[in-house]
Amino acid sequence: MKRPYVYLVGAGPGDEDLITVKGLACIKKADVILYDRLANPNLLRHKKDEAICINVGKSPHHHQYTQEEINALLVEKASAGNIVTRLKGGDPYVFGRGGEEALALLEKGIAFEVVPGITSAIGASNYGGIPVTHRNVSTSFHVITGHEDPTKGKSTVNYEALAKLEGTLVFLMGVGNLKEITEELIKHGKALETPVALVHRGTTGRQKTVTGTLANIKEVVEKNQIESPSIIIIGEVVNLRDGLNWVEGLPLHGKRVLVTRTRQQASQLTTKIKALGGEVVEFPTIEIKPSENLAEIDKKMKAIDVADYIIFTSVNGVDSFFKRLRTLKKDIRDIGKGKVVAIGTATAEALEERGLVVELIPEVFTAEGILESLKGVIKKGDTVFLPRAEIARKNLVTGLMEMGAIVEEIPIYQTVIPTHRKEELLEILQEGVDIITFTSSSTANHFMEILGKENAELLSNSKIAVIGPITGKTVVELGLSVDCQGREYTIDGLINGIVEGL
Ligand code: SAH
């Protein structure tokens with residue numbers, strides 16, 4: 001049995017990349033992860049396959065845990081011999097009740113570590129274009145709970161003292177009490193024209209910032225419907241935002257993008273969306289599995305050295321092909337002298353990484369494009385091998401046969417629907433998704449199968465972006481419409497299509 005251990009980890013303010021290296025390591029080694037509403041759920045992608053995740057934050061779909069229950073759960077899971085990681089939004093000790101959890105563990109003699117995180121007080125300010133201190137403008141900053149209504153009973157927040165401070169005031173949990181907070185500060189002498197900003201869901205794809213003064217911010221917030229979670233920043237530093245607002249000018253800022261590719265393939269798309277300021281929600285609707293018909297596959301794999309051409313139509317095809325080749329104790333020396341064709345640049349890269357020279361990439365990255373570029377190249381009687389998905393369109397085979405080729409299909413992999421909770425998808429869509437991306441017909445078909453036609457109205461506020469015309473056709477057949485499509489059928493093309501189509 002492992003030694004019971006609990007890591008109380010700050011997940012950062014929202015942008016998943018703002019977790020610390022140490023925090024990420026704690027996710028990777030955990031047997032059980034307890035996470036919050038404010039911790040980015042994308043971080044759970046890094047967990048061990050068998051690790052159990054428990055959402056202890058507020059959500060309409062499950063039991064809401066009290067702090068006492070969370071404390072008890074930490075003790076229970078750790079006592080059972082698990083490494084437990086408790087992921088909390090921002091920093092665990094900044095209004096995060098991390099101290100209470102640590103004390104509960106201490107009381108039971110359970111070893112723990114606390115990993116700091118970037119608090120929203122600093123992270124959301126930064127992404128809102130506001131430095132919390134600035135030379136000659138603000139020499140201190142003060143983080144205050146806005147949770148307590150200062151006008152009711154005895155507030156532990158000393159507004160008289162706060163109003164006298166020259167430094168920046170950052171209120172957390174204060175949206176509901178904004179009126180009282182501003183009134184108390186004004187009452188105690190803070191100037192009416194003091195600049196104020198609210199940053200809603202800072203560092204996430206749905207970040208929204210509004211500014212005003214102590215006198216009018218209440219109306220600004222109401223007009224723009226700014227709700228929790230938001231931070232309130234009060235002080236002259238707010239004026240620096242005009243020049244320092246590097247985030248909100250990014251082309252995908254404020255956009256939440258759903259990525260439906262496989263976990264393994266998502267990263268390239270995810271990284272690019274994030275670099276353009278978008279927030280990514282990964283929800284894979286396909287999973288790649290080796291085909292079951294191994295006898296047929298192996299027979300063809302062993303005969304591949306007779307090929308005149310080998311055509312790869314996806315990265316998955318390349319991966320699965322080489323995996324099987326290895327299992328058969330073969331390598332690139334055994335595949336003969338057949339010329340290698342790749343449907344597009346990503347597939348070509350995957351082949352080149354394995355030491356193969358790609359002879360041909362069509363101008364248009366589709367099966368039709370391949371046929372077009374092989375016209376007059378393929379000779380009658382040439383043998384063409386096609387390692388690809390079990391379900392694949394037949395037109396490539398038909399077209400090649402019309403050119404007189406002998407075609408050997410190798411149905412090397414299958415795409416299956418991952419075991420998903422439909423509720424998870426519904427929750428993601430209810431929270432709001434601006435763009436849904438489909439990089440293949442399978443991702444689109446599976447997406448609708450998981451969602452169910454009866455829930456299609458949940459897509460009414462989302463735009464749909466597809467990698468190319470074939471996927472686009474599938475989307476239309478599913479009763480949806482295509483809003484963005486790139487000119488080049490690659491991930492970069494898709495991204496450009498999204499930016500242009502918005
Ligand atoms: N431990 C957290 C704070 C938890 S209290 C931290 O260090 O950030 C919850 C409050 O934090 C919210 O009411 C809101 O005021 C603030 N908050 C958390 N994440 C936020 C975000 N991404 N953007 C704006 N405010 C946020």
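Every number for a ligand or one of its atoms is a count from 1 in the order of the listing. A quick note: this is a predicted structure, and the numbers were derived from the prediction, not measured. Quick note: residue numbers are just sequence positions, from 1.
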Output side-chain donor-acceptor pairs under 3.5 Å for residues 102-115, partner residues at least two apart or in another chain, one line each.
{"residue": "Glu113", "atom": "OE2", "partner": "Tyr5", "partner atom": "OH", "Å": "2.8"}

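- Pairs engaging residues 481-490 under the salt bridge (charged side-chain N to carboxylate O under 4.0 Å, His left out) rule: Arg487-Glu500 [sequence neighbours left out].
- Counting heavy atoms from C-beta on, the side chains of Leu429 and Ile436 come closer than 4.5 Å.
- Taking 4.0 Å as the cut-off between side-chain N and carboxylate O, Glu16 and Arg45 count as a salt-bridged pair.
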Between ligand 1 and the protein, which N/O pairs are shorter than 3.5 Å?
{"residue": "ligand 1", "atom": "1 (N)", "partner": "Gly89", "partner atom": "O", "Å": "3.0"}
{"residue": "ligand 1", "atom": "1 (N)", "partner": "Asp91", "partner atom": "O", "Å": "2.9"}
{"residue": "ligand 1", "atom": "1 (N)", "partner": "Val94", "partner atom": "O", "Å": "2.7"}
{"residue": "ligand 1", "atom": "7 (O)", "partner": "Asp91", "partner atom": "N", "Å": "2.9"}
{"residue": "ligand 1", "atom": "7 (O)", "partner": "Thr119", "partner atom": "OG1", "Å": "2.8"}
{"residue": "ligand 1", "atom": "8 (O)", "partner": "Thr119", "partner atom": "OG1", "Å": "3.4"}
{"residue": "ligand 1", "atom": "8 (O)", "partner": "Ser120", "partner atom": "N", "Å": "2.8"}
{"residue": "ligand 1", "atom": "8 (O)", "partner": "Ser120", "partner atom": "OG", "Å": "2.7"}
{"residue": "ligand 1", "atom": "13 (O)", "partner": "Met173", "partner atom": "N", "Å": "3.4"}
{"residue": "ligand 1", "atom": "15 (O)", "partner": "Met173", "partner atom": "N", "Å": "2.8"}
{"residue": "ligand 1", "atom": "15 (O)", "partner": "Ser230", "partner atom": "O", "Å": "2.7"}
{"residue": "ligand 1", "atom": "17 (N)", "partner": "Ser120", "partner atom": "OG", "Å": "3.2"}
{"residue": "ligand 1", "atom": "22 (N)", "partner": "Pro13", "partner atom": "O", "Å": "2.8"}
{"residue": "ligand 1", "atom": "22 (N)", "partner": "Gly202", "partner atom": "N", "Å": "3.3"}
{"residue": "ligand 1", "atom": "22 (N)", "partner": "Gly202", "partner atom": "O", "Å": "2.9"}
{"residue": "ligand 1", "atom": "23 (N)", "partner": "Gly202", "partner atom": "N", "Å": "2.7"}

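- With a 4.5 Å cut-off on side-chain heavy atoms, Leu169 and Leu162 count as touching.
- Partners of Lys187 under the salt bridge (charged side-chain N to carboxylate O under 4.0 Å, His left out) rule, at least two apart in sequence or in another chain, are Glu184.
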